[in-house]
Amino acid sequence: MKKKIAFITGITGQDGSYLAELLLKKKYKVHGLLRRTSVLNIERIQDIINQYEKKGQLNLHYVDLTDTASISNLIIKYRPDEFYNLAAMSHVGISYFTGEATLNINTVASYRIQESILRNHKRCKFYQASSSEMFGSSPPPQNEMTPFNPQSPYGISKVAAFHTTKYFRQAHGLFASNGILFNHESPRRGLNFVTRKITHSLARILSGHEKKIYLGNISTRRDWGHSKDYVIGIWKILQYKKPEDFVISTGQNYSIEDFIKKVFKIVGLNWKKFVSTNNKKFMRPSEVRSLRGDSTKARKLLKWKPKYNLDDLAKDMLMNDLKLYGMSLEHAKKIAKKLSKKK
Ligand code: NAP
Ligand code: F7E
C-alpha cells in the first residue's frame, strides 16, 4: 500500500517533533518544513533524522512561511495527504511585543497554506493548531461552543486562523479542521514557558547554577496535559470521517502555585524560599485567568483520552531536567536536604 505523505510546519518544535515520531512509527513519509536559522535548531528531531532521513522516510525542507511560492512548490511536488500546520510564534507573553509578526506567522501563513492547498491539491487534509488562548476571558469550562474572548495578540492571531480554517472548509469544501488544544507540556517544552521554567530552574538551583526562580502571576489556572498524549489527538482529528473542530484537554485545572508545589515536593524542598513572584518582567497587560477544557466531543467521537496526569507530567519534566545537570532523583533529594538546612 502507498505510504501516506504528511507535511508538518513547526517540526522543530515540541509538538512537531512528537507528531513526526508518531507518524513515522505509523509508516508515513514525513516532510518537515523548517525555517532557516543561523544556528541549526534540530535538537528535538536529531534522533528521527538519524533513524529515518537516510531511508528517505523523513525529508526536511527550508521554507519561509511568509513566502507563498516556497510553500506551493512543495505541495505541487509532493502532493501530501495531510498537512499539519504547527508553526507559530507560540509565546503569549512575547506576542504583546511582536503583535504584527505574530499575526503574520500565526494567521496569514495559515491562510497562505490553505489557499495553496485549494489551488494546487484540494484533496489534502489540513490541520490548524488552534489554542485555548482563544477563549481568553470566557469562564471555564470551555468547549467547542464557548465564545472566544482573546486577551493577547497571540490569542487574536489564533482566533483569526481558526476562522480562516472554518472559511476554507465551509466556503471551498477543504477538509480543514481545528484542534483547540489546551496547554500541553513535556521535557521538550521551551524553556520560557512557565512549567519548564520551573522544572529547569529547580534543576539549576540543585546543581548550584541558580539561587532563585523569578516568576510573574502564579495565581492563574491552566489545564495542563502531556504533548505526547496531545499529538495523538492531533492525528485523530485528521482521521475523523469529516472535518470538524475539537477541544483536546484533560478537564482538570491547577494554579501555577499548585504546579510549583508539586515539582518541589518531588525533591522535598520548601518552594517559598526559592521562588520570587509578581516580578514585573513576567506580568502580562491582560491575563487569561482560568482555562479548563471540556473535551467530551473528542473523547466520544475520536475515542481520545490522555494517559498522563499532572503528577506524571511534572515528574517526567523534572527527571529530564535533573538528568541534563547530571543528577539522579536520589542525588537531587540529598542536595535538597542540605539546602533546606542551610537556609
Ligand atoms: P513551539 O515548541 O514553540 O514550536 C513552534 C514551532 O514553530 C517551531 O518549530 C518553530 O521553529 C516554528 N516557528 C516559529 N516561528 C516560525 C516562523 N516565523 N517561520 C517558521 N517556523 C516558525 O510550540 P508547540 O508547543 O510545539 O506548539 C505547536 C503549535 O500548537 C503552535 O502553533 C502553538 O501555537 C499551538 N498550541 C500550542 C499549545 C501548547 O500548550 N503547547 C496549545 C495550543 C496550541 P523554531 O524551532 O525554528 O523556532
Ligand atoms: O504561561 C503565568 C503566565 O507562558 C502560563 C502556549 O503554549 O498555552 C501556552 O500559553 C501562565 C500564564 O503559557 C510566568 O502569566 C507566571 O498565566 O506557560 P505560559 P500560556 O500563556 O498559557 C497556550 C494554550 C498556547 O496556545 C500557547 O502557545 O503562567 N506565568 N510567571 C508565567 N509564564 C511564563 N511564561 N513565565 C513566567 O515567568
Side-chain angles (χ1 to χ4, degrees), residues 8-20 32-45 62-67 70-71 84-96 98 101-102 104-106 108-110 127-136 150-152 154-155 157-158 161-162 178-186 188-198 201 213-227 230-231 234 247-249 255-257 259-260 275-279 281-291 293:
I8 305 177
T9 67
I11 192 168
T12 54
Q14 171 187 251
D15 293 3
S17 61
Y18 283 122
L19 178 67
L33 279 49
L34 55 149
R35 59 173 160 180
R36 183 260 165 189
T37 44
S38 66
V39 176
L40 203 56
N41 172 26
I42 50 170
E43 202 182 306
R44 293 178 176 118
I45 53 169
Y62 285 116
V63 160
D64 190 317
L65 295 176
T66 62
D67 175 357
S70 76
I71 303 165
Y84 297 88
N85 182 32
L86 307 185
M89 205 307 282
S90 67
H91 199 284
V92 175
I94 294 171
S95 79
Y96 291 99
T98 61
T102 300
N104 202 344
I105 291 306
N106 296 9
V108 187
S110 178
Y127 173 87
Q128 171 59 30
S130 289
S131 164
S132 52
E133 273 298 300
M134 302 188 304
F135 297 122
Q151 298 296 306
S152 64
Y154 174 83
S157 75
K158 288 289 182 180
F162 174 93
N178 287 287
I180 308 174
L181 272 53
F182 281 62
N183 296 53
H184 48 282
E185 322 290 311
S186 74
R188 295 186 195 168
R189 187 57 145 153
L191 292 172
N192 58 0
F193 294 93
V194 78
T195 53
R196 183 78 198 284
K197 184 169 168 182
I198 293 162
S201 300
I213 311 179
Y214 295 90
L215 297 174
N217 181 348
I218 63 163
S219 70
T220 56
R221 301 182 74 83
R222 291 291 182 270
D223 176 337
W224 284 295
H226 198 301
S227 176
Y230 284 38
V231 298
I234 291 176
V247 160
I248 300 287
S249 67
S255 67
I256 315 301
E257 183 173 335
F259 186 82
I260 299 169
V275 179
S276 156
T277 62
N278 293 322
N279 289 281
K281 191 175 167 193
F282 304 111
M283 304 294 271
R284 297 175 181 180
S286 42
E287 255 298 358
V288 170
R289 298 168 67 86
S290 185
L291 292 172

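Computed from heavy atoms alone, side chains included, the values below leave out hydrogens, waters and symmetry copies. Remember, it's 1-based here, ligands and their atoms both numbered in the order they're listed.
- Separation of atoms CD (E185) and CZ (F259) is listed at 7.0 Å; rounding is to 0.5 Å.
- Scanning all protein heavy atoms for the shortest distance to atom 16 (C) of ligand 2 gives N217 O, 3.2 Å.
- Proximity of M283 to ligand 2, defined as any heavy-atom pair under 4.0 Å, is not found for any part of the residue.
- Counting protein heavy atoms only, atom 12 (C) of ligand 2 is closest to R222 NH2, 3.5 Å.
- Looking at A87, S130, S90, G179 and measuring to atom 44 (C) of ligand 1, the nearest heavy atom belongs to S130.
- Checking side-chain atoms of R222 against main-chain N and O of N183 turns up no donor-acceptor pair under 3.5 Å.
- At the shortest separation from atom 8 (O) of ligand 2 among protein heavy atoms lies N183 ND2, 3.0 Å.
- The single protein non-hydrogen atom nearest to atom 11 (C) of ligand 2 is I256 CD1, 3.6 Å, given as residue, atom name and distance.
- Residue-level proximity to ligand 1 for F193 is absent, since no heavy atom of it falls below 4.0 angstrom.
- Here the side chains of T9 and V63 are not in contact, with every heavy-atom distance at 4.5 Å or above.
- Looking only at protein heavy atoms, the nearest one to atom 37 (C) of ligand 1 is H184 CE1, 3.8 Å.
- The closest approach between any non-hydrogen atom of K158 and ligand 1 is below 4.0 Å.
- Between the CZ atom of R35 and the OG atom of S70 there is a distance of 13.5 Å, given to the nearest 0.5 Å.
- Within the listing of ligand 1, atoms 33 (C), 34 (O), 35 (C), 36 (N), 44 (C) sit less than 4.0 angstrom from a heavy atom of Y154.
- If you number the atoms of ligand 1 from 1 as listed, the ones under 4.0 Å from a heavy atom of N41 come out as 45 (P), 46 (O), 47 (O), 48 (O).
- The shortest N/O to N/O separation between R189 and ligand 2 falls below 3.5 Å.
- Atom numbering of ligand 1 starts at 1 in the shown order; those under 4.0 Å from a heavy atom of L181 are 42 (C), 43 (C).
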Stepwise, does the side-chain hydrogen bond (donor to acceptor under 3.5 Å, both in side chains) test hold for Q128 with S110?
CA-CA 8 Å; Q128 171 59 30; S110 178; 2.9 Å; yes
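- Distances from ligand 2 to the non-hydrogen atoms of H91 include at least one value under 4.0 Å.
- Residue A129 has at least one heavy-atom neighbour below 4.0 Å for each of these atoms of ligand 1: 29 (C), 30 (O), 32 (O), 35 (C).
- For the atom pair CG (L34) and CG (L40), the distance works out to 8.0 Å, reported to the nearest 0.5 Å.
- A distance of 10.0 Å separates CG in L86 from OG in S17, rounded to the nearest 0.5 Å.
- Atom 10 (O) of ligand 2 has V92 CG2, 3.5 Å as its closest protein atom, hydrogens excluded (heavy atom only).
- When only non-hydrogen protein atoms are considered, atom 38 (O) of ligand 2 lies nearest to K197 NZ, 2.7 Å.
- Ranking the protein heavy atoms by distance from atom 22 (C) of ligand 1 puts R35 NE, 3.7 Å first.
- Contact record, R44 with R189: NH2-C, 3.9 Å, taken as the closest heavy-atom pair.
- S152 places none of its side-chain heavy atoms less than 4.5 Å from the side chain of R284.
- Here the heavy atom of the protein found nearest to atom 15 (O) of ligand 2 is E287 OE2, 2.3 Å.
- The CG atom of L33 lies 9.5 Å from the CD1 atom of I8; values are rounded to the nearest 0.5 Å.
- A donor-acceptor distance shorter than 3.5 angstrom exists from the side chain of Q14 to the backbone of H184, with no hydrogens or angles considered.
- Remark: minimum distance from atom 10 (C) of ligand 1 to any protein heavy atom is reached at T12 OG1, 4.1 Å.
- With a 4.0 Å cut-off on non-hydrogen atoms, I218 does not touch ligand 2 at all.
- Using a 4.0 Å cutoff on heavy atoms, S132 counts as a contact of ligand 2.
- For a threshold of 3.5 Å applied to N or O pairs, the pair formed by V288 and ligand 2 contains no separation below that value.
- The residue L291 has no part lying near ligand 2, judged by heavy-atom distances below 4.0 Å.
- The CD atom of E43 sits 10.0 Å away from the CZ atom of R188 when rounded to the nearest 0.5 Å.
- At a heavy-atom cutoff of 4.0 Å, ligand 1 is contacted by the side chain of I105 but not by its backbone.
- In terms of N/O distances under 3.5 Å, ligand 2 is approached by T220.
- For a threshold of 3.5 Å applied to N or O pairs, the pair formed by V194 and ligand 2 contains at least one separation below that value.
- Closest to atom 2 (O) of ligand 1 among all protein heavy atoms lies Q14 N, 3.0 Å.
- For the ligand labelled ligand 1, residue R189 lies inside the 4.0 Å heavy-atom shell.
- T220 is not listed as a side-chain neighbour of V288, based on a closest heavy-atom distance of 4.5 Å or more.
- At a heavy-atom distance under 4.0 Å, only side-chain atoms of R284, from C-beta outward, approach ligand 2.
- Close approach of ligand 1 to A88 (heavy-atom distance below 4.0 Å) involves ligand atoms 5 (C), 7 (O), 13 (N), 14 (C), 15 (N), 31 (C), 32 (O), 34 (O).
- Summary of contacts: the protein heavy atom closest to atom 31 (N) of ligand 2 is G216 N, 2.8 Å.
- None of T277, T195, V275, I218 except one satisfies the side-chain contact (heavy atoms from CB on, under 4.5 Å) rule with I256; the exception is I218.
- Here is the list of ligand 1 atoms found below 4.0 Å of a heavy atom in N183: 40 (O).
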